[in-house]
*Asks:* 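Following this message is one structure expressed as structure tokens.
Whatever order the structure lists them in is the order used to number ligands and atoms, beginning at 1.
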Amino acid sequence: MNYKDYLSITPEIEEALKEGKPIVALESTILSHGMPYPENREFAGKVEEIIRSKGAIPATTAIIGGKLKVGLSEDELELMCRAENIAKASRRDVPVYLVTGQTAATTVATTMLIADMAGIRVFATGGIGGVHRGAQETMDISADLQEFANTKVCVVSAGCKSILDIGLTLEYLETFGVPVLGYQTSEFPAFYTRTSGFGVDHEAKDAAEVAQILKTKWDLGLKGGVVVANPIPEEYSMDHKVIDKAIDQAIEMAKEKGIRGKGTTPFLLATIKDITGGDSLASNLQLAYNNARVAAEIAIEFAKL
Ligand code: PSU
Ligand code: MN
């Protein structure tokens with residue numbers, strides 16, 4: 001069998017791929033393991049709508065019924081948002097879930113993998129995974145980073161949460177040759193806040209410039225992806241002190257409970273949400289909408305080249 005036999009692409013996206021129209025991939029872990037129901041359901045619809053209103057086509061990915069889904073129906077979006085018995089699929093889980101038929105949400109790593117197989121080059125998410133704090137001992141480094149090293153997809157995020165060691169995450173990306181572009185910013189954003197104290201490699205002035213950098217990287221035959229770090233809009237950004245305290249508390253609780261492996265990130269995200277109440281969720285929704293807008297613009301510019 002060819003890898004294409006495992007893909008299930010909606011007719012609309014299939015057509016768009018043939019015609020070279022702009023498409024934006026979206027992940028489903030953010031739905032199943034990153035947000036509560038029914039807020040995630042509203043989010044899933046609205047983020048697709050934003051991409052369409054910009055003139056691009058959304059392609060939410062998931063693993064359902066032994067297939068790598070590219071583009072989900074309303075029922076499939078509902079299934080992912082209900083999040084009943086939905087696993088979290090990182091790269092290593094993909095062959096297992098295809099064989100067992102386990103329904104699974106796709107992380108940044110898996111969404112990049114599927115987007116690349118389908119020929120989609122731009123992907124919008126909330127935050128990327130990275131090197132966890134204390135990774136010197138735990139070796140907990142998200143598979144997202146290796147995907148950036150190897151897979152030809154541009155991911156627009158609001159940076160990463162300081163549940164991670166942001167400095168080490170940026171070092172890792174440098175080692176593996178992954179460009180980190182600030183979208184109209186010279187500082188790498190920390191998801192809930194616009195600043196992190198760490199700089200980016202290059203401040204991209206607009207979507208057209210990002211598209212040129214993608215084309216050039218891939219024309220050169222350089223493998224791997226590109227990180228576009230797009231800060232949360234000022235009006236939705238959170239107070240550094242409030243969010244840092246919640247994150248420290250969540251990390252402490254994870255240690256006490258002995259949380260490890262793929263459960264770590266979902267545990268930390270859920271705990272931060274509990275501690276900060278609705279505030280962090282509202283910020284999360286808005287930054288992801290903002291990323292969808294920028295990703296659609298980049299996909300449109302890239303399709304012109
Ligand atoms: N960080 C967030 N929100 C998320 C994730 C990370 O702020 O929803 C999800 C993404 O799907 C990301 C995954 O790819 O968690 C990383 O998980 P891990 O650290 O287990 O690799
Ligand atoms: Mn991990």
Side-chain angles (χ1 to χ4, degrees), residues 25-36 39-40 43-44 47 60-63 80-81 83 86-94 104-115 123-149 151 153 155-166 168-169 172-173 188-193 196 225 227 229-232 238 243 246-247 250-251 254 258-273 276 280-292:
L26 296 164
E27 60 155 310
S28 46
T29 296
I30 192 172
L31 304 176
S32 303
H33 305 290
M35 292 174 185
E39 286 88 347
N40 55 1
F43 169 80
V47 77
T60 305
T61 66
I63 300 178
M80 301 315 289
C81 290
I86 308 272
K88 172 182 160 195
S90 195
R91 172 179 266 265
R92 72 169 180 188
D93 306 303
V94 171
T106 52
T107 61
V108 169
T110 323
T111 305
M112 288 175 77
L113 183 72
I114 296 172
F123 160 22
T125 186
I128 60 171
V131 180
H132 279 260
R133 291 201 214 162
Q136 301 89 320
E137 277 163 33
T138 62
M139 296 270 285
D140 190 353
I141 299 173
S142 174
D144 292 356
L145 297 185
Q146 272 303 302
E147 212 59 51
F148 275 108
T151 303
V153 176
V155 183
V156 181
S157 74
C160 61
K161 294 197 174 100
S162 57
I163 56 172
L164 304 174
D165 187 318
I166 297 178
L168 293 187
T169 299
Y172 195 102
L173 290 167
F188 190 77
F191 197 87
Y192 296 114
T193 54
S196 66
V227 172
N230 181 35
I232 184 171
M238 292 183 72
I243 196 65
I247 287 172
I251 290 175
I259 310 277
R260 294 175 56 248
K262 71 200 274 184
T264 302
T265 298
F267 175 86
L268 293 174
L269 299 182
T271 308
I272 292 163
K273 224 162 29 205
T276 58
S280 68
L281 179 61
S283 295
N284 198 346
L285 297 171
Q286 294 300 330
L287 68 84
Y289 293 146
N290 191 43
N291 294 339

*Asks:* Given E147 and L113, is the side chain to side chain contact (heavy atoms under 4.5 Å, CB included) satisfied, shown in steps?
*Replies:* CA-CA 7 Å; E147 212 59 51; L113 183 72; 3.8 Å; yes
*Asks:* If you have a sec, work out which protein heavy atom is nearest atom 9 (C) of ligand 1 and how many Å separate them, to one decimal?
*Replies:*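 The answer is T29 CG2, 4.0 Å.
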*Asks:* Using distance alone, decide if ligand 1 has a nitrogen or oxygen within less than 3.5 Å of any nitrogen or oxygen in A109.
*Replies:*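 No - when backbone and side-chain N and O of A109 are compared with those of ligand 1, no distance drops under 3.5 Å.
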*Asks:* Out of G127, G159, S280, S28, who is nearest to atom 1 (N) of ligand 1 when you count heavy atoms only?
*Replies:*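 When every heavy atom of G127, G159, S280, S28 is considered, G127 comes closest to atom 1 (N) of ligand 1.
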*Asks:* Within ligand 1, which atoms have a heavy atom of F191 less than 4.0 Å away?
*Replies:*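 Per the distance check, 7 (O).
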*Asks:* Going from CD1 on I86 to CG on L31, what distance comes out if it is rounded to the nearest 0.5 angstrom?
*Replies:*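 The distance works out to 10.0 Å.
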*Asks:* Could you tell me the separation between the CE atom of M80 and the CD atom of E27, rounded to the nearest 0.5 Å?
*Replies:*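 Rounded to the nearest 0.5 Å, the CE-CD separation comes to 10.5 Å.
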*Asks:* Should you measure from each heavy atom of K161, which atoms of ligand 1 turn up under 4.0 Å away?
*Replies:*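 Near K161, the atoms of ligand 1 are 2 (C), 3 (N), 7 (O).
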*Asks:* For T61 and F123, run side chain to side chain contact (heavy atoms under 4.5 Å, CB included): C-alpha distance rounded to whole Å, both residues' side-chain angles, the deciding distance at 0.1 Å, then the answer.
*Replies:* CA-CA 11 Å; T61 66; F123 160 22; over 6 Å; no
*Asks:* By number and element, which atoms of ligand 1 are closer than 4.0 Å to a non-hydrogen atom of D144?
*Replies:*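 Listed by number with element, the hits are 12 (C), 14 (O), 16 (C).
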*Asks:* Counting only heavy atoms closer than 4.0 Å, does ligand 1 sit against the backbone of V108, its side chain, both, or neither?
*Replies:*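 V108 to ligand 1: contacts from backbone and side chain alike.
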*Asks:* Tell me whether N291 contacts the main-chain N or O of L287 through its side chain, where contact means a donor paired with an acceptor under 3.5 Å.
*Replies:*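 Yes; at least one donor-acceptor contact below 3.5 Å.
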*Asks:* Looking at CD1 of I243 and CD1 of I247, how far apart are the two atoms once the value is rounded to the nearest 0.5 Å?
*Replies:*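 Interatomic distance, I243 CD1 to I247 CD1, rounded to 0.5 Å: 5.0 Å.
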*Asks:* Is the shortest N/O to N/O distance between S142 and ligand 1 below 3.5 Å?
*Replies:*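 Yes.
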*Asks:* Consider side-chain contact (heavy atoms from CB on, under 4.5 Å). Of I163, N284, I232, which one does F191 pass it with?
*Replies:*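 By the side-chain contact (heavy atoms from CB on, under 4.5 Å) criterion, F191 pairs with just one of I163, N284, I232: N284.
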*Asks:* What N/O/S atom of D140 is the closest to the Mn ion (ligand 2)?
*Replies:*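 Restricting D140 to its N, O and S atoms, the minimum distance to the Mn ion (ligand 2) goes to OD1.
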*Asks:* Can you give me the closest heavy-atom contact between T106 and S28, atom names plus distance?
*Replies:*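 Heavy atoms of T106 and S28 come nearest at N-OG, 2.9 Å.
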*Asks:* For ligand 1, which atoms, with element, lie under 4.0 Å from some heavy atom of L269?
*Replies:*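 Once the distances to L269 are compared, the set is 2 (C), 3 (N), 4 (C), 5 (C), 7 (O), 8 (O).
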*Asks:* So which protein heavy atom does atom 15 (O) of ligand 1 come closest to, and at what separation?
*Replies:*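 In this structure, atom 15 (O) of ligand 1 has T265 CG2, 3.6 Å as its nearest protein heavy atom.
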*Asks:* Give the numbers and elements of all ligand 1 atoms closer than 4.0 Å to a heavy atom of H132.
*Replies:*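 Atoms satisfying the 4.0 Å criterion: 19 (O).
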*Asks:* With heavy-atom distances below 4.0 Å as the criterion, list the atoms of ligand 1 near K88.
*Replies:*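 Once the distances to K88 are compared, the set is 17 (O), 18 (P), 20 (O).
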*Asks:* For a quick test of reading the model, state the closest non-hydrogen atom pair linking A25 to T111 and the distance between them.
*Replies:*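 Closest heavy-atom pair between A25 and T111: CB-CG2, 4.3 Å.
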*Asks:* Looking at E27, which atoms of ligand 1 are within less than 4.0 Å of one of its heavy atoms?
*Replies:*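 Every atom of ligand 1 under 4.0 Å from some heavy atom of E27: 10 (C), 11 (O).
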